[in-house]
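Comments concern the structure below.
Read the numbers this way: they start at 1 and go in the same order the structure lists the ligands and their atoms.
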Amino acid sequence: MTEKKKQLFGTNGVRGIVGELITPELVMKIGMAVGSMRPGTIAVGMDTRTSGPALINAMKAGLMATGCDVIDCGILPTPALQYIVMDKYDAGVVITASHNPGAYNGVKVIEKDGTEMDDDASIEIEERVFSNNFDLKEWKDVGTVIPEGDLVTQYITGVVKKFPEKIGEGITVVIDPGCGAAYRTTAEILQLLGCRIFTINAYPDGNFPARDPEPSVEGLAPLAEMVVSTGAMFGVAHDGDADRAVFIDDKGRFVEENKEFTLIAEYVCSQKKGILVTPVSTSRLIETMIAPYGCNVDYTAVGSIYVARRMRALLAEGMQVVFGGEGNGGLIYPDHQFCRDGGMTAAMMVLLLAAKKQTLSSLVDALPPSVMLKHKFHTGKATEILAAVRKKFEDDTLNEVDGIRIDRKDAWALIRPSGTEPLVRLYVESSDESIAKEFEQDILSCISSFI
Ligand code: MG
């Protein structure tokens, strides 16, 4: 990770409360910075938030003032904009706060290749914003809005063509976009695959009246009920900008995201041998389940952008990279594009069930046991905690790509300071609960004086 610290940008762009951090003025300045750095034609889009129209117009003003032409894609999922930008436009911008509540909004900048902007470029944007350093054009050279047809169809077609024709025939699915951007895409994707579909919360509403944009167990209770009452094979729900997908099984149970990742990973790896890339915080279930196919895991820092860039770097070195993603339902399909894609993940679940000819509940229940213990400590003593852990566990296998991951044969743990807040997270996982608890106690006793 970069030495210079980002002030506005977090792991996934700039995000904050509208009217506080996020104002039209800030968004226009980010637009002028992006336009100065990536001159050319820029595609913009947004999720369904009430502040979206005001902020996207500020963004367009900033981009055009620096000479860029703008393609306005309107409301669409972040992965749809990434797909549209990929190798066709000079950059992209999405106005979204992803899974955050309706009061929030933010900006994600997309590079020419469809990936999210990296840390160094984000820092350059910040420096330009703070010092008002923009390449403003004179009257003859300001940009314009170029009218385009509905580009979202390109994305929908792009996903559908990755799958065998009518693979979804005989499969019933309930879709819950949560009033977010996926209302435009997932139902159509699954319908084109031949699925029979029902929807809930499938209309755009930035007040998010039905549930939070974060797809939680509680928020998805109505979806779960509908899956059971319609006899569907699964339910799928998205966060606000639909780069993530989570599932409800045929019995109406929430499928924990690491298990979702494991099931899809196992299927992908059964088809093609290679490397799977994921952050150090992801469950070891994946490693266990893909090993028999000769596949292995490459661990990165936490953040989908680090996963996507690592996948590309390994490919550039001539390695075979088959899959990537995070344990939160954000999965990356390298044959499709290098970003998390919720619509693609929904379609993959259809393929998985069609191929396995088993119910989702039986696939989940057949996974090996896993106990994951999680803690969050509010403390400013991250450096001291890491030093104490490093010393106490010096004889273990340590991975320090992000915090410290301790890998043992029967368990692993991660102690990781947050990049943005004074807090430290602890994860411990084992297939055996007593081993997980003992390991957890060992770590807690080592860091107890700092928490
Ligand atoms: Mg998101």
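- Taking the charged nitrogens against the carboxylate oxygens, K251 and D249 have no contact shorter than 4.0 Å, which rules out a salt bridge.
- Here the Mg ion (ligand 1) has protein N, O or S atoms under 2.8 Å from it, and they come to 4.
- When L276, T278, D402 are each tested for a side-chain contact (heavy atoms from CB on, under 4.5 Å) with Y299, only one passes: T278.
- Comment: K108 engages D243 in a salt bridge, judged by a side-chain N to carboxylate O separation of less than 4.0 angstrom.
- By the ring pair (Phe, Tyr, Trp, His ring centres under 6.0 Å) test, F377 pairs with H375, sequence neighbours left out.
- With sequence neighbours excluded, the residues that form a ring pair (Phe, Tyr, Trp, His ring centres under 6.0 Å) with H336 are Y83.
- By the ring pair (Phe, Tyr, Trp, His ring centres under 6.0 Å) test, F323 pairs with F261, Y333, sequence neighbours left out.
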